[in-house]
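Worksheet: the structure to be examined is printed underneath.
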Amino acid sequence: MIRLYLKQALEAAFDDLDLPGKSLIAIELPKNKAHGDFAMNIGFRLAPELKDPPPKISADICHSLNSVDAFKNRIVFSPAAGFVNIKFSDSFIWELAQKPVSSDLAEFPSSDDKILLEYVSANPTGPLHIGHGRWAVLGSAIARLLKETNHHIDTEFYINDAGNQIKVFYDSVSALKVGESIPENGYHGSYVKDLAVLDTDPLDENIRQQKQALDRISVSFDAWFSEKTLHASGEVVTAIEVLKKKGFVFEESGAIWFRSTDFGDDKDRVLIKADGAYTYFAVDVAYHFTKIQRGYTRLINIFGADHHGYVARIRAAVLALAIDFDKSDFNFVIGQLVSLMRDGENVRMSKRTGDMISLEEVIDEIGSDAVRFFLIQKGADSHVEFDLDLAKKQSSDNPVFYIQYAHARLCSILRKVEGEAPKMGTIHLEKAERELLLSLLSVRDVVWESAKSLSPHRLAQYLMGLARSFHHFYESCPILKSEGPVLAQRLQIVIVSKEVLSYGLSLLGISAPESM
RNA sequence: GCGCCUGUAGCUCAGCUGGAUAGAGCAACGGACUUCUAAUCCGUAGGUCGUAGGUUCGACUCCUACCGGGCGCACCA
């Protein structure tokens with residue numbers, strides 16, 4: 001990772017030169033590229049301590065750093081106000097950008113954690129909607145990113161195939177089968193009618209269809225965990241026993257409660273109702289207990305915002321059950337809802353009204369890559385609006401094609417290369433080449449940050465920028481029409497660009513077409 | 001009422017641990033295809049970053065209040 005490398009190199013230099021402020025070194029990217037490739041604000045940070053004006057501090061530091069042999073002909077430091085602007089030489093950029101994905105500098109630290117990522121976990125009583133699509137795409141990208149950054153991670157879909165809703169669901173389908181009307185509190189979606197004419201188990205059929213929809217957008221799971229098995233195995237009893245043994249359980253008004261307020265929840269929660277039945281929560285506690293028992297050291301749950309009120313209690317349960325867990329070992333990603341618009345009007349997404357657009361329909365209309373990119377390019381916290389008509393109309397304008405087109409162009413060039421590769425000469429970079437290479441060599445920084453913050457949209461944004469840099473380069477720097485060392489240099493840039501682009505797209509689960 | 005999320009260009013959204021002149025795509029307008037893929041590029045226009053205070057050398061970013069939007073506040077699942 002280039003920024004990490006730069007930081008460490010600077011820290012070493014600060015040690016050698018006996019400069020103050022080593023701990024204040026922070027590498028940032030200037031918005032205005034004219035300032036430098038990277039920058040530090042150390043002059044400002046150090047001023048209170050040294051009681052010198054920031055510009056003087058920056059100037060002194062630059063002066064010292066420029067005398068370091070290791071930086072000669074590679075990095076130039078120049079002061080501006082309290083900043084230290086850092087500029088790489090062309091040859092140094094070239095050197096660094098040769099293998100941005102696979103060089104020693106690109107390595108991620110190893111990790112010995114064992115992560116379980118649970119996501120989607122939609123009710124099996126109906127088709128998935130666009131919101132599910134969002135958590136699905138988000139989760140699968142996060143899984144890919146964490147795996148890429150050396151984490152051991154498994155993914156799981158929790159199937160709520162027990163409880164009242166399942167009974168209601170079966171009753172709804174059965175009623176139609178014998179020609180009766182659906183119970184008032186039953187499921188009324190049109191898909192229920194479709195299920196009623198089939199001979200297969202409607203629940204199995206629903207799950208099959210969910211899997212199919214997810215599969216179409218490249219979302220898969222290492223495991224599908226059935227709620228039913230928890231009841232069968234007695235896991236629910238066990239989990240409650242454990243909580244009881246630890247003293248977090250009490251009885252009141254005939255019900256058995258978990259004192260979740262001990263762990264930051266705003267009210268205590270019922271585990272066993274007065275009528276003796278387990279709550280949904282109790283079963284979920286048992287489910288999370290199995291996660292801990294299966295040896296996971298870090299849990300990540302992706303919830304829709306409509307379930308965020310559930311976070312505090314389930315976190316409380318895990319903290320109560322797992323002694324060596326603290327808050328940072330249990331992460332929640334809350335995906336805000338997607339409001340689906342049609343003709344400028346909000347379309348209800350309720351399964352029970354029957355008036356909803358399924359994820360599959362959206363995929364049918366605009367395709368997997370466009371769906372994935374649309375849902376992944378925005379942060380999980382943003383409330384996105386998905387206008388079906390607009391999406392359909394603009395599907396060809398989806399930014400994902402901008403990125404894919406860049407890849408296709410690269411492939412096309414490489415297909416047309418003929419003869420032996422010319423020899424490289426002295427490196428001299430045009431503006432567009434320089435910008436592209438700088439973008440290329442920071443790919444692993446982006447992947448790392450993306451993974452660490454569980455924010456795949458950062459990678460998506462980066463790829464947009466990278467594609468833009470490539471298109472600029474393509475327009476201003478003829479490749480196959482150049483000759484000799486220039487041709488050699490540009491071909492190499494093309495090769496690396498293609499590698500990085502397809503690498504980034506694959507991490508997002510989006511295809512990198514050879515031609516378009 | 002309480003809690004979580006949110007308010008940035010006409011629209012949809014980026015803006016990384018506070019940094020230098022707030023960005024992209026789409027839409028609009030004007031240009032560039034006898035050319036390595038025009039699904040592209042160049043240019044123009046578009047903003048009191050919801051409002052008001054505060055902290056700081058410096059605030060879209062942090063704090064407080066207010067206004068607006070989404071979601072959640074079961075012995076339902």
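All values reported here derive from a predicted model rather than from experimental measurement. The sequence lines fix the lettering, A, B, ..., with proteins before strands; numbering per chain opens at 1. Because only heavy atoms are used, hydrogens play no part in the values below, and waters and symmetry mates are left out as well, while side chains stay in.
Side chain of A/Ser469 to backbone of A/Leu436: no donor-acceptor contact under 3.5 angstrom is found.
The same atom, P, is picked in B/G47 and in B/G31; the two are 24 Å apart, to the nearest Å. Taking atom P in both B/U48 and B/A38, the straight-line distance is 38 Å, to the nearest Å. Of the P atoms belonging to B/G25 and B/G43, the separation is 11 Å, rounded to the nearest Å. Taking atom P in both B/G7 and B/C16, one finds a spacing of 12 Å when rounded to whole Å. Taking atom P on both B/A24 and B/U40, the two are 15 Å apart, rounded to the nearest angstrom. If you take atom P in B/G72 and the same atom in B/G30, they sit 47 Å apart, rounded to whole Å. The separation of B/U8 from B/G23, taken at their C1' atoms, amounts to 10 Å, rounded to a whole angstrom. Between B/A22 and B/U61, the two C1' atoms lie 12 Å apart (nearest whole Å).
Using a 4.0 Å heavy-atom criterion, one finds that A/Ala26 contacts no nucleic acid atom at all. If you check every strand for non-hydrogen atoms under 4.0 Å, A/Glu252 touches a base. Contact annotation for A/Ala277: no contact, since no heavy-atom pair falls under 4.0 Å across all strands. Across all strands, A/Asn32 comes closer than 4.0 Å to base atoms (heavy-atom distances).
With respect to the salt-bridge test (charged N to carboxylate O, under 4.0 angstrom), the residues A/Asp262 and A/Arg259 qualify. In summary, A/Glu435 and A/Lys33 do not engage in a salt bridge, as defined by a charged side-chain N under 4.0 Å from a carboxylate O. Under the 4.0 Å criterion applied to side-chain N and carboxylate O atoms, A/Asp37 and A/Arg434 are assigned as salt-bridge partners. Between A/Lys7 and A/Glu28 no salt bridge is recorded (no basic side-chain N to carboxylate O distance below 4.0 Å).
Contact annotation: side chain of A/His308 to base of B/G3, donor-acceptor pair present below 3.5 Å. Remark: the A/His383 side chain and the B/G7 base include no donor-acceptor N/O pair separated by less than 3.5 Å. Side-chain to base pairing of A/Asp161 with B/A77: no donor and acceptor N or O lie closer than 3.5 Å to each other.
Of all nucleotides present, only B/G72 satisfies the Watson-Crick or G-U wobble test against B/C2, with each distance under 3.5 Å. The partner of B/C16, taking Watson-Crick or G-U wobble pairs whose two distances both stay under 3.5 Å, does not exist in any strand shown. B/A52 and B/U64 make up a base pair, with Watson-Crick or G-U wobble contacts both under 3.5 Å.
The ring of A/His407 has its center no closer than 6.0 angstrom to the ring center of A/Phe470. Under the 6.0 Å cut-off for aromatic ring centres, A/Phe250 and A/Phe258 do not qualify, their centroids lying 6.0 Å or more apart.
Residue A/Gln461 places its side chain closer to B/C13 than to any other of B/A77, B/C13, B/C71. The nucleotide whose nearest atom lies closest to any side-chain atom of A/Pro478 is, among B/A77, B/C36, B/G19, B/C36. For A/Lys31, the listed nucleotide lying nearest its side chain is B/A20; candidates were B/A20, B/C36, B/U40. Picking from B/G19, B/A14, B/C16 the nucleotide with the shortest atom distance to the side chain of A/Arg3 gives B/C16. Proximity note for A/Lys378 (side chain, C-beta onward) versus B/C16, B/A74, B/C13: the nearest is B/C13. Checking B/G25, B/C36, B/U21 against every side-chain atom of A/Leu480, the shortest atom distance belongs to B/C36. Each of B/G25, B/A39, B/C71 was ranked by its minimum atom distance to the side chain of A/Pro399; first place goes to B/G25. Side-chain atoms of A/His471 lie closest to B/U40 of the nucleotides B/U40, B/C75, B/A20. Distances were taken from every side-chain heavy atom of A/His457 (C-beta onward) to each of B/A20, B/A14, B/C71; the shortest belongs to B/A14. Side-chain atoms of A/Ala274 lie closest to B/C75 of the nucleotides B/A39, B/C75, B/A38.
In this structure, A/Lys378 satisfies the cation-pi test against A/Phe374, with its NZ or CZ atom closer than 6.0 Å to the six-membered ring centre and inside 45 degrees of the ring normal.
For B/C75, the OP1/OP2 oxygens have no side-chain nitrogen or oxygen of A/Ser253 closer than 4.0 Å. Distances shorter than 4.0 Å separate some side-chain N or O of A/Tyr402 from OP1 or OP2 on B/C41. For the OP1/OP2 pair of B/U21 and a distance below 4.0 Å, the side-chain nitrogens and oxygens of A/His35 include no atom meeting the criterion. Between A/Arg45 and the phosphate of B/G18, there is no side-chain N or O to OP1/OP2 separation shorter than 4.0 Å. For B/A38, one of the phosphate oxygens OP1 or OP2 lies less than 4.0 angstrom from a side-chain nitrogen or oxygen of A/Tyr474.
A/Gln492 places its CD atom 23 Å from the P atom of B/C36, with the value rounded to the nearest Å.
B/C33 shows a glycosidic angle within 90° of 0 and is accordingly assigned syn.
In this structure, A/Phe44 forms an aromatic stack with the base of B/G19, since both conditions hold: centre separation below 5.5 Å and plane angle below 30°.
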